[in-house]
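Worksheet for the structure shown next.
In what follows, chains carry the letters A, B, and so on, assigned in the order in which the sequence lines appear, proteins first and then strands, with residues in each chain numbered from 1.
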Amino acid sequence: MQYWSKTYIPTLKESPAEAEIESHKLLLRAGLVRKIGGGLYAFLPLGKRVLDKVSQICREEMNAAGAIELLMPAVLPAEQWKAGPRWNAVREVMYSVNSASKNAKPTDDPQYVLGPTHEEIITPLIGSEISSYRDMGKIFYQIQTKFRNEIRPRYGLMRAREFVMKDGYSFDENDEKAEESYHRMAAAYDKFFARCGLTFISVEADAGIMGGGFSHEYMVPAEVGDDDVVYCQESGYSANVEKATSGIVPEDLVDAEPVGELEKFGTPGVKTIEKLAKDPFNISANEQFKTLLFVGDEKLFAVVVRGCDQVEEAKLGYLGYQVIRPATVDEIFGAMGAYPGSLGAIKGTIKDRSKLDGVFGDDAIRLIGNGVTGANEKAMHVKNVNVSRDLDLDRFGDFRKVKEGEPCPNSGKPLKIARAIEVGHIFKLGTKFSESDQWGAKFHDSEKQTKPAVMGCYGIGVSRTMQAVIEQSRDKFGIIWPWNVAPYHLVITVLDPGLEEASSLANSIGEAAEAAGADVLIDDRDERPGVKFKDADLIGIPLRVTIGGRGLKEGIVELKWRNEESARKVSIEEAVSVVASEIREKASS
RNA sequence: CGGGGCGUAGCUUAGCCUGGUAGAGCGCCUGGUUUGGGACCAGGAGGUCGAAGGUUCGAAUCCUUUCGCCCCGACCA
């Protein structure tokens, strides 16, 4: 039992100006966290309790799924990262640390980095520990503070520079077993998020710089989310928009025959799809080929999509490049001999084709058949451009961003798109990390063969999950904590703490509630009733029992659930047993 | 890193344009009256106006630089 006067819960009537979204405001107002710096937060006593509860649920579900907890350092030797496969891709988000020694020489490269994730550490660790197939099939995890130098921290704990993450890593002897581990973790994730009281969906996701096989994200639908999720209720299809595909190109599509010779025409001043779609040209965007240039791993390449489509940059990762950025105007002119607005990928019109590592066509341009594109000449476009006859493509692929309403790839029904917060992400990694000779994780199989372990990695944003719960479970008065993650389950609001009868009743109810499995907070402060009610609502304790002098005269106390409208009166004699039985019922459900 | 905005008491802010003693509400402290949904009265503490430099007799206010924070974009649990 905790007395309000003995702990520290600094609630605020007004929201600090720094907070923009409701869950961030409530984190601050309910006295859960305070900002120390950009993306850096202190967890106050109440916030620490929630964080611990979320962590503990996570731990229980991991253990139940057979994962094994360990703890690695957060300060990591930079050498070990440099030896890994993605140093260049991730070093920007890593904080660098140098030795504090006065004798240490300043260096360009850091001696240490603060861990943003631990594949580079656990792979060699396990690699050197485990060498037999008999020890394969293990999943290790830790719950630890992670550091990422986010370019733009946002929304409190939602995207912080320092945050608590559960990261897990599986090591299996073959693909099949690795997928079993993956599904075991997926099932554990489902249970974890459900126990946290979240409404969530798991979606197919882009594997990003993790590479490897396939991946799913755990998404909490919320307007303030950073991700778009594409889904179909009919078929159950769901995917991050970065990964999502649609059935817009029929599998049996027959490519159109040419309709005539290529024909150049003047388009003075026309540099956009929109202008070409208007008078006097009237060539709609879905009849235009749009040619865009990117640089992937310092190599220039082009992508052709329909004028009405957007390139989904994440999908360009399918092409094998790791670090991708849009090409500069100079780079574009150097290869194409023209500037954006006049670009096209017609055979023979590209000034220096050798500068292009590839020209890739989005599948959907096949729907155009014969269309219009730039002539790689100022103020000129070309019509009757036939996809198979005229475009200088190395290959086709899916590079476009799916739009709402397009047919689901499985059911054909219109797809929907919703905003969501990513709270978990699981990857089947394959052998990307384990196959390295001097560094990886290899084992001897029963045939005495040396093989790399097939890995998976599994992340949960623990502190982000805490905020996602608030974002999803609140009203105009404050937070409504789901039972399992509530900092306290029961608050006993003692309106007249000076009355001996009131405080002793509060203690009896509190003890019975504790025995029934609840964490109990007794509001014994010398405050007016209104303040206590407002605070109890604000910090979102699921169950409230009110004991006041007025009720005592009537012989009753009040029992109110935070997520219900009205309170119930319970006689003093029954109060202890009623509270205890309601708590038992809630705790077991 | 690009674009926009903001830094005045623990919190929310007025004052800045048009330079002249820094003001309010909440919170905090003292006393009193109150006591079932953020009470009231009286008294009080708390600010080198983000920092540095400049203009000026005089700068929160004008100029320059710088730091920090927030929002929009690319990235992520």
Taking the [atom1] atom of each, how far is [N] from [M], in whole Å?
N	M	atom1	answer
B:A60	B:G7	C1'	11 Å
B:C40	B:U34	P	16 Å
B:U13	B:C75	P	32 Å

* Asked: With a centroid cutoff of 5.5 Å and a plane-angle limit of 30°, would you call A:F533 stacked on B:G36?
  ->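 Taking the rule of under 5.5 Å and under 30°, the ring of A:F533 does not stack on B:G36.
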* Set of salt bridge (charged side-chain N to carboxylate O under 4.0 Å, His left out) partners for A:E574, sequence neighbours left out ->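 Expected list: none.
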Gap between atoms [atom1] and [atom2], on [X] and [N] respectively (whole Å):
X	N	atom1	atom2	result
A:R91	B:C75	CZ	C1'	17 Å
A:R544	B:G36	CZ	P	14 Å
A:N240	B:A77	CG	P	11 Å
A:E92	B:A74	CD	P	16 Å
A:K25	B:U12	NZ	C1'	12 Å

* **Check: B:G38 base within 3.5 Å donor-acceptor of A:E527 side chain** =>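 Between B:G38 and A:E527, which were checked side chain against base, a qualifying N/O pair under 3.5 Å is absent.
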* To do: Check whether the side chain of A:D227 and the base of B:C76 form a donor-acceptor pair under 3.5 Å.
  =>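 Side chain to base: pair present.
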* Asked: Where each residue is assigned the nucleotide of RNA chain B containing its nearest heavy atom, which of A:K560 and A:V93 is assigned the position nearer the 5′ end?
  ->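 With A:K560 and A:V93 compared, the 5'-side residue is A:K560.
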* Toward the 5' end of RNA chain B, by each residue's nearest nucleotide, A:D496 or A:K532 ->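 It is A:D496 whose nearest nucleotide is closer to the 5' end.
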* To do: Kindly confirm or rule out a cation-pi arrangement of A:R49 over A:Y488, judged by NZ or CZ under 6.0 Å from the six-membered ring centre and within 45° of its axis?
  =>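 Yes; both conditions hold, so A:R49 lies above the ring face of A:Y488.
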* Asked: A:E120 side chain to A:Q80 main-chain N or O, any donor-acceptor pair under 3.5 Å?
  ->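 Here the side-chain-to-backbone pair does not exist.
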* Under a 3.5 Å cut-off for both distances, is B:G7 Watson-Crick or wobble paired, and to whom? ->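 Result: B:C67.
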When we call it a touch if two heavy atoms are under 4.0 Å apart, what does [X] touch: a base, just sugar-phosphate, or nothing?
X	value
A:E313	nothing
A:G551	base
A:D535	base

* To do: Mind telling me whether A:H425 and A:F427 have parallel, tilted or perpendicular rings, with 30° and 60° as the class edges?
  =>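 Judged by the thresholds at 30° and 60°, the geometry between A:F427 and A:H425 is parallel.
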* From CA spacing to verdict: side chain to side chain donor-acceptor pair (under 3.5 Å), A:E204, A:N240 -> CA-CA 6 Å; A:E204 289 176 28; A:N240 191 306; over 6 Å; no
* **Side chain to side chain, A:T465 and A:I460, heavy atoms closer than 4.5 Å** =>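 Sidechains of A:I460 and A:T465: in contact.
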* To do: Using a 4.0 Å cut-off on protein heavy atoms (strictly under), produce a 5'-to-3' string for nucleotides 65-73 of chain B with B for base contact, S for backbone-only sugar-phosphate contact, and - for none.
  => ----SSBBB
